[in-house]
Protein chains: 2
Amino acid sequence: MCGMAHEATPPAPGRVELETRDARLPLHARLRDALAARIASSEWTPDRPLPAEAALAGHYGVALGTMRRVLGDLVELGLLERRHGAGTFVRRATFDASLFRFFRYGDPQATAPTSRILDVRRAVLPPEAAGPLGEAAGATALHLHRLRLRDDRPLLVEDIWLPLPRFAGLDHLTEPHLDGGLGELLYPAYEKRCDIVIASAEEVLTVGAAGAADALLLRCARYEPLVVVERTARTHDGTPVEWRRSRGRAADFRYRIEIR
Amino acid sequence: MCGMAHEATPPAPGRVELETRDARLPLHARLRDALAARIASSEWTPDRPLPAEAALAGHYGVALGTMRRVLGDLVELGLLERRHGAGTFVRRATFDASLFRFFRYGDPQATAPTSRILDVRRAVLPPEAAGPLGEAAGATALHLHRLRLRDDRPLLVEDIWLPLPRFAGLDHLTEPHLDGGLGELLYPAYEKRCDIVIASAEEVLTVGAAGAADALLLRCARYEPLVVVERTARTHDGTPVEWRRSRGRAADFRYRIEIR
DNA sequence: AAGTGGTCTAGACCACTAG
DNA sequence: TAGTGGTCTAGACCACTTT
């Protein structure tokens, strides 16, 4: 009876009011939005569980079943993950190395891809990166130039742009001990050194042609067709914080989609 | 109390036993599989609703909430769709024209794509189609050659292969009044004339080069890069029934993916 | 008006994980 | 063993669609 949308009495002690705007929306939808907002605000981190579902239900004054539905919805949306017996956690992105799902060479299961960072330096954001990142035109940022290989064969060339005040924690890696501080994957480094948790991303695939530099690094002919993947990665609150452009030989490209 | 997995007493009248193998699986999972099997068997068609959730729950002797969860799972899996007040229906595929989501030309919202069927005839299945369709190497099938356009500009060339005993209902279209019997979309024709409901598909994207015939039809240069999409479409029981290969200029190609 | 799915509550019991 | 999520039940009431 408590916590119903049409409830007029003040909330019981320890209970919390939900947004009254959109009061027409079902309780579970308002609850979902309220929790999504708390997740976006980084109130919880991926390494510690949220309060138990029973505690959350009590906090908001809703039935356990309603809270379970809301948490399930947030799992489906990719914001949370639940571990039986352990708790409910904010989700950490796992698509860091996922570019390789597009490019076939060798046995994807058998051989682990590797990274070679060719260059790290401060530079002016190019317009194609400044736009998606919501940064000013002439802003300065950290620029990584990276090669990704499988079996010592170059598969992908990457340019990665990281807006600078925010990624200052990676700045000292500008020194020549290049591969020293960054491991195979970048997202764990973002989290450890800059407290930035990547939560979602958008990728756009197009086809282009190899320039002179691409041809050299990818060991292919100039003007050979390349598949270009541009990724904008975001934190939980939707702020874009990384933009990268990856290029690989179109002949190696193969993408499989399952529809409905 | 009734219908529990460990229930030893015989089912009450009007109640149905679920598979006893996998009796360790939760009730909702066994129920889901049972309903999925009935959907695959074409027991229900997209134009008439399934029995109401209350009837299904009674039939299997489970609580309403359990049946609701199962039906929700099947909606998520893309097998069913629910319409408030109207009922629960087997889902009809809606991705017939979805190739256009890859190719940009004109305003996708403003201009409707059109089809021009260039040829329909019986022919021997090529090996690349016979494999995915699970057909014998030399089998004969119906072959459609089709051009898809937007604003009178050719965007896609398609070769579509339909195994023949099954698609005999389209066979008389081999006569010269080509576009007569097939509309803009093929899947509604499959359903009306051959009783085949497409439910899911797999698409593989690669990059190739334009041959002489492609170049002519797509009005592009020979050897210009093309994006090649190969689709295997299946019925609800997973049987592959259509294989098509579509080609379009890589310069027009743009694919956007949202990750988690 | 009758019948359908959608929301919300309440509570019992089970299975898993961690300290 | 304490605490977490997972399963299942039971039933009240609401919102929508159809006839």
Side-chain angles (χ1 to χ4, degrees), chain A residues 1-7 9 11-12 15 18 22-35 44 46-76 79-91, chain B residues 1-7 11-12 15 18 22-35 44 47-76 79-91:
Chain A
M1 195 190 296
C2 323
M4 296 289 289
H6 25 283
E7 174 78 49
T9 60
R15 306 234 166 131
L18 289 171
D22 295 334
R24 306 281 189 75
L25 284 179
L27 178 54
H28 68 82
R30 281 174 295 146
L31 245 186
R32 167 172 45 70
D33 294 347
L35 286 182
W44 301 298
D47 50 283
R48 266 199 306 272
L50 271 63
E53 56 182 23
L56 285 171
H59 178 70
Y60 285 101
V62 303
L64 201 62
T66 303
M67 184 52 73
R68 278 191 59 73
R69 165 172 183 171
V70 167
L71 294 173
D73 288 348
L74 290 168
V75 167
E76 241 186 295
L79 299 189
L80 295 179
E81 75 187 45
R82 314 197 74 180
R83 294 178 219 144
H84 195 170
T88 304
F89 298 80
V90 172
R91 219 180 61 88
Chain B
M1 195 189 296
C2 323
M4 297 290 288
H6 26 283
E7 174 78 49
R15 307 238 164 128
L18 290 171
D22 296 333
R24 306 281 190 75
L25 284 178
L27 178 54
H28 67 83
R30 282 175 294 146
L31 246 185
R32 167 171 45 70
D33 294 348
L35 286 182
W44 300 299
D47 50 284
R48 266 199 306 270
L50 271 63
E53 56 182 23
L56 285 171
H59 178 70
Y60 286 101
V62 304
L64 202 62
T66 304
M67 182 54 71
R68 278 190 60 74
R69 167 175 180 167
V70 168
L71 294 173
D73 288 349
L74 290 169
V75 167
E76 240 186 295
L79 299 189
L80 295 179
E81 75 186 45
R82 314 197 75 181
R83 294 179 217 144
H84 194 170
T88 304
F89 299 81
V90 172
R91 220 181 60 90

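Per chain, numbering begins at 1; letters A, B, ... match sequence-line order.
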Please work out if A/Arg83 contacts a base, only the sugar-phosphate, or nothing of the nucleic acid, heavy-atom cut-off 4.0 Å.
sugar-phosphate

Between B/Arg30 and B/Asp33, is any pair of side-chain heavy atoms under 4.5 Å apart?
no

Whole angstrom value for the distance that separates P of C/dT7 from CZ of A/Arg30
12 Å

Where the side chain of B/Glu53 is defined as all heavy atoms beyond and including C-beta, which of D/dT9, D/dG5, C/dG5 is the nearest nucleotide?
C/dG5

Whole-Å distance separating the NE2 atom of A/His28 from the C1' atom of D/dC14:
12 Å

Comparing B/Gly87 with A/Gly85, nearest DNA chain C nucleotide closer to 5' gives the residue B/Gly87

Whole-Å distance between C/dT9 C1' and A/Arg68 CZ?
15 Å

Looking at side-chain heavy atoms only, is the closest gap between A/Val75 and A/Arg82 below 4.5 Å?
yes

Would you tell me if any nitrogen or oxygen in the side chain of B/Thr66 comes within less than 4.0 Å of OP1 or OP2 on D/dT9?
yes

Roughly, in whole Å, what's the span from CG in B/Leu31 to P in D/dT7?
13 Å

Ignoring the backbone of B/Val62, work out which of D/dT9, D/dC8, D/dG6 is nearest its side chain.
D/dT9

Decide yes or no for B/Met67 and B/Leu35: does some side-chain heavy atom of the first lie under 4.5 Å from some side-chain heavy atom of the second?
yes

Heavy atoms only, 4.0 Å cut-off, all strands: where does B/Arg69 land among base, sugar-phosphate and nothing?
sugar-phosphate

What's the CG-C1' distance between A/Leu64 and C/dC14, to the nearest Å?
14 Å

B/Arg82 vs C/dG6: side-chain N/O to OP1/OP2 distance below 4.0 Å:
yes

Any non-hydrogen side-chain atom of B/Tyr60 less than 4.5 Å from a side-chain atom of B/Thr66?
no

Within this structure, what is the CG-to-P distance between B/Leu56 and C/dG5, rounded to whole angstrom?
8 Å

Under 5.5 Å between ring centres and under 30° between planes: true for A/His84 and the base of D/dG6?
no

Write down the partner of D/dT7 under the Watson-Crick or G-U wobble criteria, each distance required to be under 3.5 Å.
C/dA12

Would you mind telling me which of C/dT7, D/dG5, C/dT4 lies closest to the side-chain atoms of A/Thr88?
D/dG5

Compare all side-chain heavy atoms of B/Leu71 with those of B/Leu56 and state whether any distance is below 4.5 angstrom.
yes

Separation of D/dG5 P from A/Asp73 CG (nearest whole Å):
16 Å

Expressed in angstrom and rounded to an integer, what is the separation of B/Glu81 atom CD from D/dT17 atom C1'?
15 Å

